[in-house]
Amino acid sequence: MNASAIEKKECPYCSGKGYFQLLLGGSETCDCCNGTGKKSS
């Protein structure tokens with residue numbers, strides 16, 4: 001696997017969803033990828 005493929009991979013913090021499911025209900029935008037679900041370069 002090359003470096004460019006890793007850059008386009010899903011965000012490791014939110015698993016590519018772009019948001020977190022909160023334990024108490026609802027969801028919160030992932031600050032790491034700004035809700036895009038993609039790993040930022």
Side-chain angles (χ1 to χ4, degrees):
M1 224 164 48
N2 58 29
S4 61
I6 296 172
E7 284 178 18
K8 293 178 182 174
K9 203 163 175 166
E10 64 186 20
C11 179
Y13 296 100
C14 65
S15 303
K17 287 182 281 197
Y19 63 90
F20 293 111
Q21 280 297 129
L22 301 180
L23 292 174
L24 299 176
S27 60
E28 184 174 292
T29 302
C30 180
D31 288 331
C32 184
C33 65
N34 291 316
T36 62
K38 297 278 188 285
K39 190 173 181 182
S40 55
S41 50

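For the side chain to side chain contact (heavy atoms under 4.5 Å, CB included) test, residues two or more places apart in sequence or in another chain that qualify with Tyr13 are Cys11, Phe20, Cys30, Cys32. When the side chain to side chain contact (heavy atoms under 4.5 Å, CB included) test is applied to Thr29, no partner is found at least two apart in sequence or on another chain.
Hydrophobic clustering, defined by side-chain heavy atoms of Ile, Leu, Val, Met, Phe, Trp and Tyr closer than 4.5 Å, leaves Leu24 isolated from every other such residue.
Heavy-atom minimum distance, Gly26 versus Gln21: O-NE2, 3.6 Å. Closest approach of Lys38 and Cys33 over heavy atoms only: O-CB, 3.2 Å.
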